[in-house]
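Okay, structure first, notes after.
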Amino acid sequence: LMDISIIIVTKDRPRDLEVCLSSIWEQSLFPMEVVIVDASQATHGEAISKSWQSKGSIELKHIQVRPDLGIERQRNKGIGNSIGQVVGFLDDDAILHKQCLKSIETHFLEDCNLGGVGAMNGEIFEIPWLKRLFWRIFMLPRFDGKGRIQPSGYPAFCNKPGSDVAEVECIPGVAAFFKREVVDQFQFNEDIPATGCMEDVDFSFRVSKRYKLIQSGQARIYHKSSKQARSPLNVRAYMMIYYHGYFFNKYIEKSFPSRVALIWSRLGEILRVCHWAFKEQSLEPFRGAFKAYQHILRDAKSKCRNENKP
């Protein structure tokens with residue numbers, strides 16, 4: 001048997017956290033501990049933690065952090081306060097299938113070369129086919145791929161139902177589990193300031209260069225994609241555009257095809273922002289996109305100046 005630590009980062013989502021914890025206490029295999037890193041402004045999370053801690057069976061740690069800490073630092077803080085042989089990261093709006101942790105354990109026990117396992121998400125089958133087609137055409141983030149990074153720099157997560165197991169190079173952070181030696185070597189990138197955008201891709205992609213990662217259809221979850229405490233539209237548009245560029249510049253080989261793919265995906269981003277603005281009857285997505293492109297141009301100018309210095 002393997003000791004599993006689960007780290008849940010949460011912020012102002014007490015109802016979702018309650019449901020997430022309920023699914024953990026219903027597992028056929030209990031984790032040894034749950035570490036909640038809570039950036040909420042209210043104290044609901046602490047009260048919920050105490051309520052579940054009183055049930056016993058699983059050790060529960062509640063760590064209160066400042067609201068602006070950011071998901072990357074929250075996860076790193078959770079790693080530092082966990083002791084399991086396997087460390088799992090859950091979004092606070094994730095719901096585990098009853099056999100999820102048992103399946104995760106089985107994968108690690110059967111393959112000593114395995115560094116990480118991602119659970120399959122049933123949410124993809126509720127996304128309209130036209131939206132999925134749009135994501136595919138413009139090489140935007142999608143969930144019906146092969147777990148690879150697209151030439152555009154966006155992930156195409158693997159999400160195959162049933163018993164399929166696929167070797168991948170990126171795992172969505174909604175439910176990702178890694179060996180202790182992995183999280184001892186790698187941390188979430190704190191250079192991505194307080195975004196909650198592509199930090200999971202950044203982490204798992206770096207890990208995949210050294211360890212085998214799989215996405216497992218035997219370990220299942222349901223991601224509610226909670227609408228509670230979501231970032232404003234302008235912030236979401238900014239994060240999508242700017243941190244996509246950050247990832248591309250840092251990790252993707254600069255070739256003619258990849259540059260074309262980047263430009264093509266930028267067109268898709270603009271269309272997506274237009275859709276958000278029309279749907280919400282708001283100019284906020286445009287403001288966020290404009291700010292992101294300004295930031296990208298400033299970075300490019302700064303890079304050129306540095307390269308031209310004698």
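The structure displayed is predicted, hence computed values, not measured ones. Side chains included, hydrogens not; waters and symmetry mates left out as well; all remaining heavy atoms used.
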- Using modelled atom types only, decide if a donor and an acceptor are shared between the side chain of D12 and the backbone of Q41 within a distance under 3.5 Å. yes
- Are I241 and K291 side-chain neighbours, meaning at least one heavy-atom pair lies under 4.5 Å? no
- With no hydrogens and no angle check, is any side-chain donor or acceptor of Q64 less than 3.5 Å from a backbone partner on D38? yes
- Look at atom CZ of F290 and say whether more than 12 heavy atoms of other residues, nucleotides or ligands are closer to it than 6.0 Å. no
- Item | Y154 and H244 aromatic centres sub-6.0 Å | yes
- Message: Do F134 and L271 have side chains that approach each other closer than 4.5 Å (heavy atoms only, starting at C-beta)?
- Response: yes
- Side-chain donor-acceptor contact under 3.5 Å, D93 with Y222: no
- Note on the structure: Rounding to 0.5 Å, atoms CG (L114) and CD (E110) come to a distance of 10.0 Å
- Message: Determine whether a donor-acceptor pair (N or O, by modelled atom type, separation under 3.5 Å) exists between the side chain of S51 and the backbone of A47.
- Response: no
- Check: L60 main-chain N/O paired with Q53 side-chain donor or acceptor under 3.5 Å: yes
- Note on the structure: For I171 and G116 the tightest heavy-atom approach is CD1-C, 4.1 Å
- Query: Can F278 be reached from I270 by stepping across I, L, V, M, F, W or Y side chains whose heavy atoms are under 4.5 Å apart?
  - Reply: no
- Can you tell which of K146, K212, R148 makes a salt bridge (Lys or Arg N to Asp or Glu O under 4.0 Å) with E169? R148
- Message: Tell me whether V34 shares a hydrophobic cluster with I83, the cluster being built from Ile, Leu, Val, Met, Phe, Trp, Tyr side chains joined at under 4.5 Å.
- Response: no
- Message: One thing to verify: whether E269 and R266 come together as a salt bridge, which I'm taking to mean a side-chain N less than 4.0 angstrom from a carboxylate O.
- Response: yes
- Query: Which word best sums up how the rings of Y242 and H295 line up, parallel for under 30°, tilted for 30 to 60°, or perpendicular for over 60°?
  - Reply: parallel
- Message: With heavy-atom distances below 4.5 Å as the criterion, would you say the side chains of L90 and I7 are in contact?
- Response: no
- Item | Donor on one side chain, acceptor on other, Y243 and E199, under 3.5 Å | no
- CG of L21 to CG of L96, rounded to nearest 0.5 Å, is 10.0 Å
- Count the heavy atoms of every other residue, nucleotide or ligand shown that sit under 6.0 Å from NZ of K77, and state whether that count exceeds 12. no
- Query: So, R180 and S82: side-chain donor and acceptor under 3.5 Å apart, yes or no?
  - Reply: yes
- Is it true that a side-chain atom of S258 and a backbone atom of P151 form a donor plus acceptor pair closer than 3.5 Å? no
- Item | F188: partners by ring-ring contact (aromatic ring centres under 6.0 Å, His included), with sequence neighbours left out | F89, F203
- Query: Is S22 reaching over with its side chain to a backbone N or O of E18, donor-acceptor style, under 3.5 angstrom?
  - Reply: no
- Compute whether any side-chain donor of one residue and acceptor of the other, for R75 and Q187, lie under 3.5 angstrom apart. no
- Item | Where P67 and K11 come nearest, the two heavy atoms and their spacing | O-NZ, 2.9 Å
- Query: Is a side-chain N or O of S23 found less than 3.5 angstrom from the main chain of I95, in a donor-acceptor match?
  - Reply: no
- Item | M240 vs M198, side-chain contact (heavy atoms from CB on, under 4.5 Å): CA-CA, chis, key distance, verdict | CA-CA 8 Å; M240 173 185 72; M198 288 187 69; over 6 Å; no
- Inter-residue atom distance C20.SG - I36.CD1, 0.5 Å rounding: 8.0 Å
- Query: Closest heavy-atom contact between L140 and Q150?
  - Reply: O-NE2, 3.0 Å
- Item | Donor-acceptor contact present, side-chain K254 to main-chain F248, <3.5 Å | yes
- Message: What verdict does the side-chain contact (heavy atoms from CB on, under 4.5 Å) test give for V165 and Q218, after you've listed the backbone C-alpha separation in whole Å, the side-chain angles of each residue and the deciding distance to 0.1 Å?
- Response: CA-CA 8 Å; V165 173; Q218 298 163 19; 3.9 Å; yes
- Message: Assess whether a salt bridge exists between E105 and K102, defined as any Lys/Arg side-chain N lying under 4.0 Å from an Asp/Glu carboxylate O.
- Response: yes
- Query: So I221 and M120, side-chain contact (heavy atoms from CB on, under 4.5 Å) or not? Walk me through it.
  - Reply: CA-CA 6 Å; I221 63 145; M120 290 288 186; over 6 Å; no
- Message: Check this for me, if you would: do D91 and K224 make a salt bridge, where the nitrogen-to-carboxylate-oxygen distance has to be below 4.0 angstrom?
- Response: no
- With distance as the sole criterion, is a donor-acceptor pair present between the side chains of W276 and E284 under 3.5 Å? no
- Gap between atom CG of D184 and atom NZ of K179 - 0.5 Å precision: 12.5 Å
- Any V168 side-chain heavy atom under 4.5 Å of F157 side chain: no
- Message: One thing to verify: whether E26 and K98 come together as a salt bridge, which I'm taking to mean a side-chain N less than 4.0 angstrom from a carboxylate O.
- Response: no
- Task: Go through the side-chain N and O atoms of E190 and N76 and say whether any donor and acceptor fall under 3.5 Å apart.
- Result: yes
- Mark yes or no for whether R142, through its side chain, and C158, through its backbone, hold a donor-acceptor pair below 3.5 Å. no
- Do any N or O atoms from the side chain of K61 and from the backbone of N81 form a donor-acceptor pair under 3.5 angstrom? yes
- Item | Test side-chain contact (heavy atoms from CB on, under 4.5 Å) applied to L267 and I263, step by step | CA-CA 7 Å; L267 175 59; I263 294 169; over 6 Å; no
- Message: Looking at D202 and R206, is there a salt bridge between them, counting it only when a charged N and a carboxylate O are closer than 4.0 Å?
- Response: yes
- Would the number of heavy atoms belonging to other residues, nucleotides or ligands and lying under 6.0 Å from NZ of K303 be above 12? no
- Message: Counting C-beta onward and ignoring hydrogens, is there a side-chain heavy-atom pair between V35 and I8 closer than 4.5 Å?
- Response: no
- Task: Report the distance from atom CZ of R259 to atom CD1 of I252, rounding to the nearest 0.5 Å.
- Result: 12.0 Å
- Taking side chain as C-beta onward, heavy atoms only, is N189 less than 4.5 Å from Y246? yes
- All heavy atoms of M139 vs all of S265, minimum pair found to be O-CB, 4.1 Å
- Item | Side chains of C100 and R220 in contact at under 4.5 Å (non-hydrogen atoms) | no
- Rounding to 0.5 Å, atoms CE (M2) and NE2 (H107) come to a distance of 13.0 Å
- Closest non-hydrogen contact found for F286 with A277 is CE1-CB, 3.3 Å
- Do the non-hydrogen side-chain atoms of L101 and P31 ever get within less than 4.5 Å of each other? yes
- Scanning both residues in full, the closest heavy-atom pair of V201 with P155 reads CG2-CG, 3.8 Å
- ring pair (Phe, Tyr, Trp, His ring centres under 6.0 Å) contacts touching residues 251-274 (sequence neighbours left out): F138-W264, F205-Y251, F247-Y251
